[in-house]
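A quick write-up on the structure given underneath.
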Amino acid sequence: MGAPWIDHRLCDRLARELGLLVVSVDYRLAPEHPFPAAVEDCWAALTWLHERAAELGVDLARIGVAGASAGGGLAASVAQLAHDRGVPLAFQGLVYPMLDDRTVLREDHGGRGQVVWTPAHNRDAWGWYLGHEVGVREERAYAVPARRADLTGLAPAWVGVGSADLFHDEDVVYAERLRDDGVPVDLVVVPGMPHAADMVPGLAAAQGFRKSFVAAVARALAEPTVERQSE
């Protein structure tokens with residue numbers, strides 16, 4: 001599962017409402033292509049955009065990365081790569097991101113993860129992505145964003161998750177660690193929202209969640225006049 005068309009409606013909204021160029025990455029999927037394949041593909045897309053910024057009319061000072069779920073974990077990894085390799089990045093949008101393989105090792109999830117994305121799904125996915133069973137010490141840089149010790153200097157972030165999402169705790173902890181290390185963070189937690197509920201039409205709280213994300217992208221990346229129109 002997972003393909004660029006899943007987020008086409010949101011990407012189209014960002015392009016139309018905010019006047020942005022949106023690049024949606026068709027990265028390779030696990031288990032056929034475990035880490036670092038997906039991160040390398042996303043990194044290639046970011047560097048491609050930087051190299052062609054002039055011909056595409058892109059402001060190098062207003063480039064960001066974003067993703068949801070596993071894509072949110074990839075966005076976090078790419079943001080870390082960008083910092084370490086000196087590639088300017090203005091924003092990272094982490095939508096209920098999959099950040100920490102150690103969540104698999106927990107037995108008590110506080111009732112979270114009952115629907116959509118369960119602990120069993122999470123265990124399988126991390127094992128496929130990393131190429132080994134979770135529990136083995138993972139020291140490869142950028143494989144697990146939450147395992148990075150120092151988050152200083154990373155791009156400003158928007159982190160959003162529902163209180164019923166299995167990723168709630170790891171996302172909140174990561175946002176707090178970013179803030180503690182001096183990174184500007186906007187953390188949004190929607191009470192009672194499960195994983196990926198913003199993709200279901202008609203759910204008021206979930207649609208408000210998506211609106212908050214779009215507004216954060218506008219503040220970080222859009223022309224000032226567009227930002228005012230979107231709020």
Side-chain angles (χ1 to χ4, degrees), residues 1-2 6-7 10 30-31 35 38 66-77 79-80 92-130 132-139 142-151 154 156-181 183-213 215-216:
M1 56 190 282
I6 293 175
D7 282 324
L10 176 58
F35 176 83
S69 195
L74 295 177
S77 291
Q80 294 176 4
Q92 51 176 322
L94 310 183
V95 184
Y96 35 82
M98 183 177 176
L99 299 171
D100 197 339
D101 63 324
R102 293 166 294 187
T103 295
V104 170
L105 304 178
R106 293 175 48 192
E107 295 183 358
D108 182 11
H109 298 286
R112 299 183 175 93
Q114 298 298 308
V115 296
V116 184
W117 195 254
T118 67
H121 292 144
N122 203 39
R123 178 178 293 277
D124 287 344
W126 271 114
W128 295 331
Y129 176 70
L130 295 175
H132 60 70
E133 290 187 11
V134 176
V136 176
R137 185 171 180 82
E138 181 53 74
E139 297 181 340
Y142 317 114
V144 182
R147 287 183 179 264
R148 183 182 176 103
D150 186 1
L151 305 180
L154 296 184
W158 182 94
V159 181
V161 67
S163 67
D165 196 314
L166 181 66
F167 296 150
H168 169 271
D169 290 358
E170 64 188 71
D171 291 354
V172 170
V173 168
Y174 193 73
E176 291 174 343
R177 288 185 55 216
L178 284 168
R179 188 174 291 141
D180 290 345
D181 284 348
V183 178
V185 178
D186 185 7
L187 173 63
V188 175
V189 178
V190 179
M193 189 178 81
H195 192 71
D198 62 318
M199 300 184 72
V200 180
L203 297 180
Q207 297 312 306
F209 174 84
R210 181 159 287 196
K211 184 177 180 180
S212 173
F213 168 70

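- Note that NE2 of His195 is 8.5 Å distant from CE of Met98, once rounded to the nearest 0.5 Å.
- Between the Arg177 side chain and the Ala146 main chain, a donor and an acceptor come within less than 3.5 Å of each other.
- Taking CD of Glu133 as the reference point, atom CH2 of Trp128 lies at 13.0 Å (rounded to 0.5 Å).
- Of the possible polar contacts, one joining the His121 side chain to the Val116 backbone as a donor-acceptor pair under 3.5 Å is found.
- Counting all heavy atoms, side chain and backbone alike, Asp181 lies closest to Leu151 at OD2-N, 3.0 Å.
- Asp171 approaches Gly160 most closely through the heavy-atom pair OD2-O, 4.5 Å.
- The line from OH of Tyr129 to CG of Leu74 is 5.0 Å long, rounded to the nearest 0.5 Å.
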Report the C-alpha separation of Arg102 and Val144 in whole Å, then their side-chain angles, then the decisive distance to 0.1 Å, and conclude whether the side chain to side chain contact (heavy atoms under 4.5 Å, CB included) test is met. CA-CA 9 Å; Arg102 293 166 294 187; Val144 182; 5.7 Å; no
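- When every heavy atom of Ala68 is checked against every heavy atom of Tyr96, the shortest pair comes out as CB-CE1, 3.7 Å.
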Please evaluate residues Phe167 and Asp100 with respect to the criterion side chain to side chain contact (heavy atoms under 4.5 Å, CB included), reporting the C-alpha separation (whole Å), side-chain torsions for both, the decisive distance (0.1 Å), and the verdict. CA-CA 8 Å; Phe167 296 150; Asp100 197 339; over 6 Å; no
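- In terms of modelled atom types and a separation under 3.5 Å, the side chain of Gln207 and the main chain of Val200 share a donor-acceptor contact.
- Asn122 and Trp117 share a donor-acceptor pair across their side chains, judged by distance under 3.5 Å alone.
- No side-chain heavy atom of Met193 sits under 4.5 Å from any side-chain heavy atom of Asp165.
- Contact check for Asp198 versus Phe213: no side-chain heavy atoms found under the 4.5 Å cut-off.
- Side-chain contact between Thr103 and Asp169: absent, with no pair of heavy atoms (C-beta onward) separated by less than 4.5 Å.
- In plain terms, the two heavy atoms of Ala75 and Gly67 that are nearest each other are CB-N, 3.9 Å.
- Taking CD of Glu138 as the reference point, atom CZ of Phe35 lies at 7.0 Å (rounded to 0.5 Å).
- Across all non-hydrogen atoms, the minimal contact from Ile6 to Met199 is CG2-CE, 3.2 Å.
- Glu170 places a side-chain N or O within 3.5 Å of a backbone atom of Leu99 that can act as its donor or acceptor partner.
- A distance-only check finds a donor-acceptor pair linking the side chain of Arg112 to the backbone of Ser163 [under 3.5 Å].
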Run the numbers on Leu166 and Thr118 for side chain to side chain contact (heavy atoms under 4.5 Å, CB included), then give the verdict. CA-CA 7 Å; Leu166 181 66; Thr118 67; 6.0 Å; no
Check the pair Phe209 / Leu203 against side chain to side chain contact (heavy atoms under 4.5 Å, CB included), numbers first and verdict last. CA-CA 10 Å; Phe209 174 84; Leu203 297 180; over 6 Å; no
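- In plain terms, the two heavy atoms of Tyr174 and Ala76 that are nearest each other are OH-CB, 4.3 Å.
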